[in-house]
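Worksheet: the structure to be examined is printed underneath.
Letters go in sequence order (proteins before strands), and every chain restarts at 1. Heavy atoms only: backbone and side chains are in, while hydrogens, waters and symmetry mates are out.
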Number of protein chains: 2
Amino acid sequence: MSLDDLCFNAESGNNRGRMGRRRYDNDENQTFKSKNLEAERKRREKLSTRLLMLRSLVPIVTNMNKATIIDDAITYIKKLQEEVVSLTQELQEVEVTLEISKPKVDELVDAAEEMKKWGIQEEVQVTQMNGNKLWVKMIIENKRGTFRKLAESLDTCSIAMMDTNLTAIKGALVITTCIQGMDGEALEVHQIKQLLLEIVRAI
Amino acid sequence: MSLDDLCFNAESGNNRGRMGRRRYDNDENQTFKSKNLEAERKRREKLSTRLLMLRSLVPIVTNMNKATIIDDAITYIKKLQEEVVSLTQELQEVEVTLEISKPKVDELVDAAEEMKKWGIQEEVQVTQMNGNKLWVKMIIENKRGTFRKLAESLDTCSIAMMDTNLTAIKGALVITTCIQGMDGEALEVHQIKQLLLEIVRAI
DNA sequence: GATCACACGTGATTC
DNA sequence: TGAATCACGTGTGAT
């Protein structure tokens with residue numbers, strides 16, 4: 001495949017300046033001199049192929065010119081770079097917001113050891129009350145932000161807490177509360193107990 | 001500035017195959033034939049300049065070859081494109097996570113109207129207790145996620161809640177709790193009251 | 001010495 | 001016409 005073919009096959013039929021292979025070897029003694037003629041052809045072909053590849057990657061192409069192809073590629077790369085930078089910044093800002101609640105390892109270990117030392121064990125009790133309300137008693141490790149995360153999770157599940165009592169003692173967090181579905185639907189005891197256990201395990 | 005100069009000024013002193021401008025105009029009659037000679041020179045110069053611009057944008061350059069410059073640009077563009085896609089996905093996932101706790105307008109209005117209807121007014125009381133503890137009583141609008149956000153804010157300020165009681169009534173949220181600095185430092189009554197007011201206003 | 005990469009000048013071609 | 005773009009073959013320095 002020659003360069004001419006390549007350029008001719010491009011969708012935009014702009015192929016000005018291209019001519020068929022010009023051979024000077026008329027029937028004179030001027031058969032061929034240079035040995036790297038074929039190699040040079042290969043090189044040109046490769047270069048043009050790459051250029052077309054580049055062009056195919058760039059979404060907006062103002063012209064088929066070699067120069068403008070590269071030009072468009074340059075502006076496109078700049079745009080992509082800016083996009084990456086701004087996206088990274090945005091993501092980092094969001095992650096900083098989320099990282100406020102990072103756990104501290106020492107507190108984490110302290111709470112568990114303290115509870116073990118005092119013989120306190122985690123537990124989750126769920127009891128049916130009148131209406132759609134459930135009564136909940138939980139004893140869990142009192143790590144930093146524990147209750148906040150619990151509140152977050154319940155809120156996500158559209159579960160409201162009422163008459164909540166919250167006490168910290170010996171590395172443990174004792175929570176008693178009434179819960180109720182925000183949207184009015186009934187809560188099932190076993191289901192909620194499993195949910196709470198999952199939430200606590202995730203914290 | 002000639003092409004040779006350009007390539008010669010590049011940091012890698014690779015200028016193989018470049019020779020000084022070859023003029024065939026020996027003192028023979030072979031002065032000049034082609035009229036677009038200078039224009040062609042300009043064109044080549046422009047093209048090479050763009051190529052160098054492109055090269056300067058690409059971080060990793062394996063070789064100074066024209067072909068490899070374009071090659072590297074191609075792989076770089078692909079990498080950038082993938083990066084943009086993955087970053088966009090990540091950001092969207094995070095934003096979806098954050099959007100779980102979006103406020104519902106109707107609830108928001110309902111809470112305020114309900115409180116007004118029953119003549120309940122927002123209030124924040126802070127009283128000094130023994131040690132570093134403060135006793136807090138708050139009556140605020142009971143919007144969805146209100147308490148979660150309050151817990152978040154206090155956690156951020158390294159303030160722990162103990163013996164918390166939380167009741168929802170008539171669109172209002174009644175909170176009584178003891179608070180204490182997590183790091184042991186004393187909390188000042190007025191300061192905390194201002195802080196709580198700010199938090200409530202922000203919610 | 002063979003290969004590679006390059007710039008060069010030039011005729012052809014398109015707008 | 002005239003300017004712009006192109007592929008081509010070639011000489012040459014570098015590897």
Side-chain angles (χ1 to χ4, degrees), chain A residues 1-55 58 61-74, chain B residues 1-55 58 61-74:
Chain A
M1 183 163 61
S2 80
L3 233 178
D4 302 326
D5 298 330
L6 266 172
C7 291
F8 211 73
N9 288 338
E11 58 253 48
S12 162
N14 182 358
N15 56 335
R16 60 187 158 183
R18 275 82 157 182
M19 51 185 168
R21 273 188 203 163
R22 170 180 41 151
R23 308 305 311 252
Y24 290 152
D25 47 343
N26 15 0
D27 45 346
E28 216 60 44
N29 56 355
Q30 195 91 8
T31 51
F32 63 94
K33 274 185 179 178
S34 198
K35 279 181 284 185
N36 66 338
L37 197 154
E38 203 63 30
E40 179 64 12
R41 265 201 262 260
K42 280 280 178 191
R43 174 181 161 271
R44 275 200 295 264
E45 181 179 338
K46 195 165 76 175
L47 223 159
S48 271
T49 308
R50 303 301 161 89
L51 216 52
L52 288 186
M53 280 189 194
L54 186 64
R55 192 182 69 89
V58 178
V61 181
T62 55
N63 211 340
M64 271 289 278
N65 295 342
K66 281 181 171 181
T68 49
I69 287 176
I70 299 183
D71 244 350
D72 293 339
I74 289 176
Chain B
M1 183 162 62
S2 81
L3 232 180
D4 303 326
D5 298 331
L6 266 173
C7 290
F8 212 74
N9 289 339
E11 58 253 46
S12 160
N14 183 357
N15 57 334
R16 57 189 159 179
R18 276 81 158 184
M19 50 188 171
R21 274 189 203 164
R22 172 178 39 149
R23 307 306 309 252
Y24 291 151
D25 47 342
N26 13 358
D27 43 346
E28 217 60 44
N29 54 356
Q30 195 90 10
T31 50
F32 66 93
K33 276 184 177 178
S34 198
K35 280 182 282 184
N36 65 338
L37 198 153
E38 202 64 28
E40 178 66 10
R41 253 181 228 160
K42 280 281 179 192
R43 174 182 160 268
R44 275 200 295 264
E45 181 179 337
K46 193 166 76 175
L47 224 160
S48 271
T49 308
R50 303 299 161 90
L51 216 51
L52 288 186
M53 279 189 194
L54 186 63
R55 194 181 69 89
V58 178
V61 182
T62 55
N63 210 341
M64 273 288 277
N65 295 343
K66 281 181 171 181
T68 49
I69 286 176
I70 299 183
D71 245 350
D72 293 338
I74 289 175

Taking atom [atom2] of [N] as reference, at what distance in whole Å does atom [atom1] of [X] sit?
| X | N | atom1 | atom2 | answer |
| --- | --- | --- | --- | --- |
| B:L37 | C:dT10 | CG | C1' | 8 Å |
| B:E45 | C:dC6 | CD | C1' | 16 Å |
| A:K46 | C:dC4 | NZ | P | 9 Å |
| A:R44 | D:dC6 | CZ | P | 14 Å |
| B:N65 | C:dT3 | CG | C1' | 13 Å |
| A:N36 | C:dA5 | CG | C1' | 10 Å |
| A:E38 | C:dC4 | CD | C1' | 15 Å |
| A:L51 | D:dC6 | CG | C1' | 12 Å |

Do you know which of B:N65, B:T62, B:N63 makes side chain to side chain donor-acceptor pair (under 3.5 Å) with B:D72?
B:T62
Nearest listed nucleotide, side chain of A:E40, among D:dC6, D:dT10, C:dG9
D:dT10
State which residues pass salt bridge (charged side-chain N to carboxylate O under 4.0 Å, His left out) with A:D71; sequence neighbours excluded, sorted by chain then number.
B:R50
Is there a side-chain polar atom (N or O) of A:K42 under 4.0 Å from OP1 or OP2 of C:dA5?
no
Contact under 4.0 Å: B:R41 side-chain N or O vs C:dG9 OP1/OP2
yes
Closest-nucleotide 5' rank along DNA chain C - winner of B:R43 and A:L47:
A:L47
Salt bridge check: are A:E38 and A:K42 linked by an N-O gap of less than 4.0 Å?
no
Sequence neighbours excluded, which residues qualify as side-chain hydrogen bond (donor to acceptor under 3.5 Å, both in side chains) partners of B:T68?
none
